[in-house]
2 protein chains.
Amino acid sequence: MEPFADPPTSAMFIGELSGRTGCNIETIRYYERVGLLPAPPRSAGGHRVYGVDHLKRLTFIRRGRQLGFALKDVRGLLALVDGGGYTCDEVQALTLSHLDEVRLKIADLKVLEGVLGDMAAECEGGTVPACPVIEALFRGA
Amino acid sequence: MEPFADPPTSAMFIGELSGRTGCNIETIRYYERVGLLPAPPRSAGGHRVYGVDHLKRLTFIRRGRQLGFALKDVRGLLALVDGGGYTCDEVQALTLSHLDEVRLKIADLKVLEGVLGDMAAECEGGTVPACPVIEALFRGA
DNA sequence: TATAGAACCTGTAGTAACTACAGGTTCAAG
DNA sequence: CTTGAACCTGTAGTTACTACAGGTTCTATA
């Protein structure tokens with residue numbers, strides 16, 4: 001769809017970086033504002049000019065987000081990488097901790113799924129002006 | 001823990017309403033501000049004085065939220081109830097639609113769980129200054 | 001080279017659903 | 001009548017973006 005040179009050139013504007021990473025333009029500028037992505041040099045006219053290092057870093061951030069890491073976790077991961085002296089243990093610990101959160105959330109949602117399914121199953125449908133779902137909500141937790 | 005009269009008296013301050021519903025005080029005032037909970041009468045000194053109707057409505061709101069309904073969905077449900085002429089079909093439709101969203105989210109999270117688990121499993125641990133998780137993140141989606 | 005229009009710029013405000021103050025007033029028990 | 005817990009208003013902060021408005025730059029084409 002997007003006819004970008006391959007391999008990526010060493011200089012691109014924000015639109016191309018956006019296209020290559022799938023990260024939208026406003027979000028890229030946002031990442032710069034909050035210090036996740038370093039401010040790139042500018043063209044004579046003031047346009048941001050990115051290099052492959054930015055592409056790499058933004059790919060990392062975006063993938064982390066897709067995997068459900070909070071921005072502060074991504075920031076932590078990047079700090080480890082930037083520091084250079086990270087160990088596999090540290091990274092694994094962060095990953096496993098996040099995995100736990102994901103599993104917890106899955107468990108919570110499965111409970112919801114069960115309750116909602118049960119509630120909906122009790123509906124008789126039709127135009128009856130009464131509903132077991134509504135009653136359940138009024139009954140509370 | 002909370003020694004409230006049982007059954008609920010017909011007049012209580014916000015602290016008691018909070019204790020009875022498990023909904024925190026700031027949140028109750030927030031619901032009032034956004035029009036989900038009607039503004040109650042006030043004591044001579046200006047304290048909010050709630051009745052059992054408020055208790056019932058707040059219980060409904062809170063339970064809806066616990067079940068993962070967005071506030072606007074809760075608002076919709078309450079509008080149905082307030083309107084009086086709701087049918088079981090309408091409510092069931094909203095419930096099933098929300099159930100779909102929950103199931104989608106579960107599916108998404110399970111994918112995450114798989115990917116994160118695989119990534120973490122490849123870690124050799126130890127103090128090796130290299131990590132398959134980091135590499136996977138740099139590789140992108 | 002002129003020009004049009006796509007792409008870029010800054011800065012601000014809005015989203016969801018609360019939560020957390022600060023700085024002051026009221027309630028009620030002893 | 002005092003004291004301190006509970007309450008009040010109003011504003012700002014949180015997460016991670018997204019959506020403008022109003023203006024400038026880039027670049028392909030005539």
Side-chain angles (χ1 to χ4, degrees), chain A residues 1-5 9 11-37 39-50 54 58 60-78 98 101 105 108, chain B residues 1-5 9 11-37 39-50 54 58 60-78 98 101 105 108:
Chain A
M1 325 291 158
E2 304 275 9
F4 293 129
T9 58
M12 54 189 144
F13 287 150
I14 202 168
E16 182 173 345
L17 183 63
S18 169
R20 284 190 188 279
T21 55
C23 191
N24 102 26
I25 290 179
E26 319 269 24
T27 304
I28 296 173
R29 289 198 280 246
Y30 168 74
Y31 287 158
E32 178 181 327
R33 243 190 355 269
V34 300
L36 277 171
L37 199 60
R42 301 297 182 106
S43 73
H47 289 200
R48 290 171 177 82
V49 179
Y50 296 97
H54 292 99
L58 182 54
F60 184 103
I61 296 168
R62 185 160 164 78
R63 186 72 182 127
R65 290 292 296 133
Q66 285 174 340
L67 291 175
F69 284 98
L71 271 194
K72 73 170 170 39
D73 297 336
V74 173
R75 201 185 287 275
L77 253 4
L78 281 169
H98 177 51
E101 289 170 16
K105 202 168 285 177
D108 286 352
Chain B
M1 324 290 161
E2 302 276 9
F4 293 131
T9 57
M12 55 191 142
F13 286 149
I14 201 169
E16 182 173 345
L17 182 62
S18 169
R20 284 190 188 279
T21 56
C23 190
N24 102 29
I25 291 180
E26 319 269 25
T27 303
I28 296 173
R29 290 197 280 245
Y30 167 74
Y31 287 158
E32 179 180 326
R33 240 186 0 263
V34 300
L36 276 171
L37 199 60
R42 300 296 183 106
S43 72
H47 286 22
R48 290 170 176 82
V49 179
Y50 296 97
H54 292 99
L58 182 55
F60 185 103
I61 295 168
R62 185 160 165 77
R63 185 75 182 126
R65 291 292 295 132
Q66 285 174 341
L67 292 175
F69 284 98
L71 271 194
K72 73 172 169 37
D73 297 335
V74 173
R75 201 185 288 275
L77 253 2
L78 281 168
H98 177 50
E101 288 169 15
K105 202 167 285 177
D108 286 352

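Chain letters run A, B, ... following the sequence lines, proteins first and then strands; every chain starts at 1.
- Atoms CD and OG1, from A:Glu16 and A:Thr21 in turn, are 10.5 Å apart once rounded to the nearest 0.5 Å.
- One interatomic measurement links the two molecules: CZ of B:Arg75 to P of C:dC18, which rounds to 11 Å at whole-angstrom precision.
- To the nearest 0.5 angstrom, B:Arg42 atom CZ is 11.0 Å from B:Phe13 atom CZ.
- Between A:Asn24 and the phosphate of D:dT18, there is a side-chain N or O to OP1/OP2 separation shorter than 4.0 Å.
- With rounding to whole Å, B:Gln66 atom CD is found 15 Å from C:dA17 atom P.
- Rounded to an integer number of Å, the gap from CZ of B:Arg33 to P of C:dA16 is 14 Å.
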Look for any protein N or O under 3.5 Å of an N or O in nucleotides 4-6 of chain C and output each such pair with its distance, or none.
none

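- For B:His98, the side-chain contact (heavy atoms from CB on, under 4.5 Å) criterion is met by A:Leu116, B:Phe69, B:Glu101, B:Val102, not counting sequence neighbours.
- The two atoms that bring B:Ser18 and B:Cys23 nearest to each other are OG-O, 2.8 Å, heavy atoms only.
- Taking only side-chain nitrogens and oxygens, A:Thr27 comes nearer than 4.0 Å to OP1 or OP2 of D:dT18.
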Are there any protein N/O atoms within less than 3.5 Å of an N/O atom in nucleotides 2-7 of chain D, and if so, which ones and at what distance?
from: D:dC7; atom 1: OP1; to: B:Gly15; atom 2: N; distance (Å): 2.7

Measure all distances between protein nitrogen or oxygen atoms and nitrogen or oxygen atoms of nucleotides 13-16 of chain D, and list the pairs falling under 3.5 Å.
from: D:dA16; atom 1: OP1; to: A:Leu71; atom 2: N; distance (Å): 3.3
from: D:dA16; atom 1: O3'; to: A:Arg65; atom 2: NH2; distance (Å): 3.4

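- Contact record, B:His54 with B:Leu37: O-CD1, 4.0 Å, taken as the closest heavy-atom pair.
- Rounded to whole Å, the distance from CD1 on B:Ile61 to C1' on C:dA17 is 13 Å.
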Side-chain donor/acceptor pairs under 3.5 Å, residues 25-33 of chain A, sequence neighbours excluded:
from: A:Thr27; atom 1: OG1; to: A:Asn24; atom 2: OD1; distance (Å): 3.4
from: A:Glu32; atom 1: OE1; to: A:Arg48; atom 2: NE; distance (Å): 2.8

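- To the nearest angstrom, C1' of C:dC9 lies 11 Å from CD of A:Glu26.
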Per-pair distances, 0.1 Å, donor-acceptor, side chain in residues 70-78 of chain B, under 3.5 Å, sequence neighbours excluded:
from: B:Asp73; atom 1: OD2; to: B:Ala70; atom 2: N; distance (Å): 3.4
from: B:Arg75; atom 1: NH1; to: B:Val34; atom 2: O; distance (Å): 3.0
from: B:Arg75; atom 1: NH2; to: B:Val34; atom 2: O; distance (Å): 3.2

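- In this view, A:Arg63 and A:Gln66 satisfy the side-chain hydrogen bond (donor to acceptor under 3.5 Å, both in side chains) rule, not counting sequence neighbours.
- Atom CG in B:Leu36 sits about 10 Å away from atom P in C:dA17, given to the nearest Å.
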